[in-house]
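Have a look at the structure below, then the notes.
Any value given below was found using the heavy atoms of this structure, including those in side chains, with hydrogens, waters and symmetry copies removed.
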Amino acid sequence: MTVRLPAPDGTLRTYEPRPEPFRAADGTAFTSRTVFSAAHVVADPYADVSPDSPAAVDWDATLAFRRHLWAQGLGIAEAMDTAQRGMGLDWAGAAELIRRSAAEAKAVGGRLACGVGTDQLTGGSLADIRAAYEEQLAVVEESGAQAILMASRALAATATGPEDYQEIYGHLLRQSAEPVVLHWLGPMFDPALEGYWGSADLDTATEVFLQVIAAHPDKVDGIKISLLDAGREIALRRRLPAGVRCYTGDDFHYPELIAGDERGFSHALLGIFDPLAPLAAEAVRHLDTGDVSGFRQLLDPTVELSRHLFQTPTRFYKTGVVLLAWLAGHQSHFSMLGGLQSARSLPHLARAYELADGLGLFPDPGLAENRMKTLLTLYGVQQ
């Protein structure tokens with residue numbers, strides 16, 4: 001069997017799918033790294049909604065996918081940007097997602113951390129922003145999940161300097177019941193976050209970020225940094241107070257950052273570990289035995305797929321993630337909240353299929369092939 005795939009230049013090429021999938025071991029817990037997969041949500045394809053409507057989620061399929069991730073041994077980072085937070089998933093939908101996922105985590109013994117933001121706001125003062133963060137923090141803490149303090153578009157738009165960030169984050173850290181993860185999401189993931197921490201200069205912003213952590217080290221479990229700059233992450237990682245972890249969010253350089261060096265390593269909180277879950281989990285188990293070479297041999301070949309999915313404009317990486325979930329059989333359709341299945345071109349999706357298939361990511365290669373052919377036919381590509 002072969003598939004005719006479109007190239008960016010408009011030509012068609014013949015691809016022969018891999019006959020056998022990658023086979024991972026059972027999902028035992030990790031011992032050397034803490035690893036979270038930021039998980040996508042499954043839209044309800046039968047809901048009569050528009051891109052501006054409240055989120056219509058297929059809860060059964062969404063929770064089933066979370067059970068799949070926990071079964072691999074991964075933790076889940078819930079209600080983050082991978083779940084289309086701020087790009088189709090509103091706060092009401094996110095709050096329900098948090099509560100449902102927390103109940104499921106308790107039932108199966110899965111680890112869960114959830115995003116806390118201010119996306120119920122369209123604007124407002126610093127007091128409004130603080131209150132919005134507090135509302136969301138309360139929902140997460142009441143659910144029993146760990147909190148991830150996400151970057152706020154409203155704060156980026158309202159803050160007049162570093163002191164506003166220090167005041168807001170200091171207030172939240174003082175009142176948090178348990179240590180949180182601080183999330184620095186770069187503008188490549190969300191252009192509205194340009195100049196976060198009070199400066200467009202990343203060196204200056206880094207100093208403010210470190211000052212916030214240094215003032216409350218007992219309330220910071222770790223940081224999640226998503227700047228797609230491995231050197232900057234390593235430099236920041238080495239300056240963290242003792243006991244504060246670095247969770248890489250770098251979907252371009254994660255193998256070397258997780259493997260680390262003689263001066264330390266990064267844990268992981270990655271959107272790419274949504275489609276890579278079985279393979280990524282197997283790689284981390286090699287690290288658990290001290291087999292860095294085996295870890296890199298498994299994970300290094302995945303970077304080409306990750307760089308493809310996260311290519312500019314990076315914020316649309318979720319489209320490729322959901323495509324691969326559909327092709328892998330984790331959901332019955334390729335539709336997304338807000339209609340974002342249309343955010344990537346057909347050649348982009350075709351290349352994502354080819355790269356994922358080459359890694360053996362589809363448990364049933366025949367199903368993936370048939371579904372990809374269906375999509376191609378919909379676009380007018382004759383097989």
Side-chain angles (χ1 to χ4, degrees), residues 30-38 73-78 80-82 111-116 146-151 165 169 172-173 176 178-190 193 196-197 202-274 276 280-281 283-284 287-288 292 295-296 299-300 303 306 310 314:
F30 307 135
T31 58
S32 63
R33 304 289 188 274
T34 300
V35 182
F36 290 99
S37 166
L74 301 169
I76 292 176
E78 188 59 276
M80 305 288 289
D81 55 304
T82 302
R111 182 162 184 171
L112 185 71
C114 299
V116 171
Q146 183 178 17
I148 303 171
L149 295 186
M150 300 192 300
Y165 290 88
Y169 279 90
L172 295 169
L173 290 171
S176 63
E178 300 291 340
V180 307
V181 176
L182 296 181
H183 185 191
W184 183 0
L185 190 68
M188 67 289 295
F189 288 93
D190 187 344
L193 299 177
Y196 213 73
W197 304 110
L202 290 179
D203 290 335
T204 302
T206 296
E207 295 305 317
V208 177
F209 188 45
L210 285 168
Q211 288 167 15
V212 169
I213 298 165
H216 308 278
D218 59 320
K219 287 298 186 74
V220 181
D221 165 70
I223 65 167
K224 191 244 180 175
I225 181 168
S226 301
L227 298 176
L228 302 183
D229 184 332
R232 184 171 294 279
E233 177 175 324
I234 292 169
L236 178 55
R237 181 175 79 195
R238 291 174 177 172
R239 297 179 62 190
L240 292 175
V244 176
R245 308 179 191 192
C246 180
Y247 294 94
T248 188
D250 188 331
D251 299 278
F252 284 6
H253 307 100
Y254 50 93
E256 61 258 43
L257 290 166
I258 297 170
D261 55 30
E262 67 282 355
R263 296 178 60 183
F265 56 81
S266 294
H267 300 270
L269 197 165
L270 290 161
I272 192 58
F273 280 8
D274 177 307
L276 289 184
V284 174
L287 272 187
D288 288 347
V292 177
F295 168 81
R296 295 297 297 267
L299 215 54
D300 283 359
V303 172
S306 189
F310 284 78
T314 302

Just by modelled atom types, is the [Y] backbone N or O under 3.5 Å from a matching donor or acceptor in the [X] side chain?
X: Lys224; Y: Val181; value: no
X: Asp251; Y: Leu228; value: no
X: Ser306; Y: Phe252; value: no
X: Arg245; Y: His267; value: no

> Between Leu210 and Leu240, is a side-chain contact (heavy atoms from CB on, under 4.5 Å) present by the stated rule, with each step listed?
Replying inline: CA-CA 7 Å; Leu210 285 168; Leu240 292 175; 4.2 Å; yes
In the structure I gave you, are the side-chain heavy atoms of [X] and [Y] within less than 4.5 Å of one another anywhere?
X: Asp81; Y: Asp190; result: no
X: Asp221; Y: Val180; result: no
X: Val220; Y: Val212; result: no
X: Leu270; Y: Ile258; result: yes
X: Asp250; Y: Ile225; result: no

How many angstroms lie between [atom1] in [X] and [atom2] in [Y], if you round to the nearest 0.5 Å?
X: Tyr247; Y: Ile148; atom1: OH; atom2: CD1; result: 8.5 Å
X: Phe265; Y: Thr248; atom1: CZ; atom2: OG1; result: 12.5 Å
X: Tyr254; Y: Asp300; atom1: OH; atom2: CG; result: 8.5 Å
X: Thr206; Y: Trp197; atom1: OG1; atom2: CH2; result: 10.5 Å
X: Glu207; Y: Leu236; atom1: CD; atom2: CG; result: 9.5 Å
X: Ile272; Y: Thr82; atom1: CD1; atom2: OG1; result: 9.5 Å

Nearest heavy-atom neighbours spanning [X] and [Y]:
X: Leu257; Y: Ala230; result: CD2-O, 4.0 Å
X: Ser266; Y: Glu233; result: OG-OE2, 2.7 Å
X: Tyr169; Y: Ala151; result: OH-CA, 3.9 Å
X: Gly186; Y: Leu227; result: CA-CD2, 3.6 Å
X: Leu299; Y: Phe273; result: CD2-CZ, 4.2 Å
X: Met80; Y: Gly115; result: SD-CA, 3.8 Å

> Where do Arg111 and Gln146 land on the side-chain contact (heavy atoms from CB on, under 4.5 Å) test, with the steps shown first?
Replying inline: CA-CA 9 Å; Arg111 182 162 184 171; Gln146 183 178 17; 3.8 Å; yes
> Leu182 and Phe209: side-chain contact (heavy atoms from CB on, under 4.5 Å), yes or no, with the steps?
Replying inline: CA-CA 9 Å; Leu182 296 181; Phe209 188 45; 4.0 Å; yes
>> Between the side chains of Asp261 and Arg238, is the shortest nitrogen-to-carboxylate-oxygen separation below 4.0 Å, so that they form an ion pair?
In response: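 Yes, charged N to carboxylate O under 4.0 Å.
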> Given the rule in the side-chain contact (heavy atoms from CB on, under 4.5 Å) test, do Asp229 and His253 qualify, once you have shown the distances and angles that lead to the verdict?
Replying inline: CA-CA 8 Å; Asp229 184 332; His253 307 100; over 6 Å; no
> Do Asp288 and Ser32 meet the criterion of a side-chain donor-acceptor pair at a distance under 3.5 Å?
Replying inline: yes
